[in-house]
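Below is one structure, written out as structure tokens; the observations come after it.
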2 protein chains.
Amino acid sequence: MTSRVESAAATRRALIEAAAELLDEGGPDAVTLRAVGARAGVSRGAPYGHFPDKEHLLAAVATKSWEAIGEQLDTLVADEHRPPAERLEQALRGLMAVGRGHPHAYGLMFTAPTGEHPDAVAAVSRTHDRFLQLVTDVVGDAERARPIGALLMTSVHGIIAMENNGHLTVEKWNTTGDGLIRALIDRIA
Amino acid sequence: MTSRVESAAATRRALIEAAAELLDEGGPDAVTLRAVGARAGVSRGAPYGHFPDKEHLLAAVATKSWEAIGEQLDTLVADEHRPPAERLEQALRGLMAVGRGHPHAYGLMFTAPTGEHPDAVAAVSRTHDRFLQLVTDVVGDAERARPIGALLMTSVHGIIAMENNGHLTVEKWNTTGDGLIRALIDRIA
DNA sequence: GTGGTTCGTATGACAACGTCAGATGAACTG
DNA sequence: CAGTTCATCTGACGTTGTCATACGAACCAC
């Protein structure tokens with residue numbers, strides 16, 4: 001662990017993890033380069049040895065979140081015992097669980113300007129591909145699955161976003177995020 | 001116009017409008033209290049005579065956006081010549097137009113922590129009520145319209161959000177935001 | 001009118017932030 | 001062992017949100 005490249009890689013990982021933790025605990029405002037450095041055990045300017053600026057660090061955090069969801073979907077794709085429809089529903093509910101458990105991280109995933117960050121774009125693309133595979137397993141045809149998957153993905157994202165921002169109250173809409181997922185599956189997939 | 005209360009109210013309006021313009025033109029980072037003051041013709045500390053802090057100013061901007069959409073829906077509700085389904089579709093496409101034309105303002109509408117800002121909450125509630133009226137005109141029963149309206153609202157929001165963040169590409173999903181709106185109406189309403 | 005009060009605005013100051021330039025020291029290379 | 005590399009530290013700068021203070025014109029009683 002005392003090798004220079006190993007130590008640098010460990011520091012880089014620690015910075016990303018520290019930023020993710022601070023984001024989870026205190027929201028975007030808590031993610032200060034000084035606080036990130038402190039939690040990672042380095043000082044305030046250390047991130048600039050690994051990232052051009054703060055935005056790239058946050059993009060790395062978002063990439064990690066996308067990859068985590070991708071792996072989650074991967075295990076669902078591989079689980080061939082269960083019926084495809086059940087796996088797809090599990091995927092949608094898994095997305096909601098992430099959005100609820102880590103609302104700030106979830107927001108970051110859809111906030112980072114993706115165009116400037118190829119790694120993030122690739123991670124998003126891979127995750128979306130796995131999601132489309134799950135949809136394909138349900139509807140049969142891969143080409144037909146694409147717009148259907150888009151409708152499912154955008155709708156679930158909208159449900160999570162409005163739930164996290166307090167715009168989805170039971171008093172107003174007489175339903176919950178879970179209920180909307182159910183309705184979505186019944187009407188679309 | 002030289003009355004003190006009139007002048008103060010004009011300044012307040014100018015501050016909100018200046019913030020909205022800066023948000024439209026340069027995104028959230030361009031909305032600096034100094035820049036807002038300069039554009040409104042006052043100085044950097046003037047906003048504190050009208051808002052407790054920057055967040056409340058932004059909440060006022062979001063409130064204005066919600067009210068603008070509310071009025072837009074209002075004219076649709078009142079337009080009884082056209083069939084209800086057509087008016088509902090027009091409402092959904094109007095939401096998309098706002099999201100496309102003013103992406104930063106649209107993001108702010110769903111970003112402001114609504115709990116702390118009663119005016120914003122009220123504006124959102126009124127706008128949602130008008131949307132639910134349009135849904136009721138289509139499905140007939142007001143109670144049945146509520147969860148259906150929720151599914152429509154969250155889905156459209158998800159479509160707009162993913163489109164604005166570049167996560168809704170034709171290459172990946174083989175559809176567009178407009179196509180998804182069409183599919184949404186066909187399958188839900 | 002006139003004097004005193006109110007209150008919207010201007011100004012100076014402060015801490016915190018992102019960012020960069022230079023210094024430091026330990027891991028590498030020959 | 002001498003020289004280089006490079007991750008990290010430290011000091012500094014401009015900008016930001018925010019507050020305390022000061023000013024001055026609109027207000028109000030008489």
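Every chain is numbered from 1 and lettered A, B, ... according to where its sequence line falls, protein lines coming before strand lines.
Within the structure, salt bridge (charged side-chain N to carboxylate O under 4.0 Å, His left out) pairs that include any residue of residues 103-115 of chain B do not occur (at least two apart or interchain). Identified under the salt bridge (charged side-chain N to carboxylate O under 4.0 Å, His left out) test for residues 155-170 of chain B, with sequence neighbours left out: B:Arg100-B:Glu163. Pairs of residues two or more places apart, or lying in two chains, never qualify as ring pair (Phe, Tyr, Trp, His ring centres under 6.0 Å) while including a residue from residues 2-41 of chain A. Pairs of residues two or more places apart, or lying in two chains, that qualify as ring pair (Phe, Tyr, Trp, His ring centres under 6.0 Å) and include a residue from residues 28-58 of chain B are B:His56-B:His117. Within the structure, salt bridge (charged side-chain N to carboxylate O under 4.0 Å, His left out) pairs that include any residue of residues 51-69 of chain B comprise B:Glu67-B:Arg126 (at least two apart or interchain).
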Show every donor-acceptor pair shorter than 3.5 Å between a side-chain atom in residues 15-30 of chain B and any protein atom, with sequence neighbours excluded, or say none if there are none.
unit_1	atom_1	unit_2	atom_2	d
B:Glu21	OE1	B:Arg39	NH1	2.8
B:Asp24	OD1	B:His102	ND1	3.4
B:Asp24	OD2	B:His102	ND1	2.5
B:Glu25	OE1	B:Arg39	NH2	3.1
B:Glu25	OE2	B:Arg39	NH1	3.1

Indicate every side-chain donor-acceptor pair of residues 79-86 of chain A with a distance under 3.5 Å to a residue at least two apart or in another chain.
unit_1	atom_1	unit_2	atom_2	d
A:Arg82	NE	A:Glu86	OE2	3.0
A:Arg82	NH2	A:Glu86	OE2	3.3

Could you go through residues 140-150 of chain B and list every donor-acceptor pair under 3.5 Å that involves a side-chain atom there, pairing it with any protein atom two or more places apart or in another chain?
unit_1	atom_1	unit_2	atom_2	d
B:Asp141	OD2	B:Arg144	N	3.1
B:Glu143	OE2	B:Arg146	NH1	2.5
B:Arg146	NE	A:Lys172	O	3.2
B:Arg146	NH2	A:Glu171	O	2.6

Are any protein N/O atoms closer than 3.5 Å to N/O atoms in nucleotides 3-5 of chain D? If there are, list each pair with its distance.
unit_1	atom_1	unit_2	atom_2	d
D:dT5	O2	A:Arg4	NH1	2.8

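In summary, the side chains of A:Asp137 and A:Gln133 do present a donor paired with an acceptor at a separation below 3.5 Å, with no hydrogens or angles considered.
Residues from residues 46-57 of chain B lying near DNA chain C, meaning a heavy-atom separation below 4.0 Å, are B:Ala46, B:His50 in numerical order. Using a 4.0 Å cut-off on heavy atoms, the residues of residues 14-36 of chain B that approach DNA chain D are B:Val31, B:Thr32, B:Leu33, B:Arg34, listed by number.
Not one side-chain nitrogen or oxygen of A:Ser7 sits closer than 4.0 Å to the OP1 or OP2 atom of C:dA27.
Counting atom types as modelled, A:Arg44 pairs a side-chain N or O with a base atom of D:dG11 as donor and acceptor under 3.5 Å.
In this structure, the ring-ring contact (aromatic ring centres under 6.0 Å, His included) partners of A:His167, at least two apart in sequence or on a different chain, are B:Trp66, B:Phe110.
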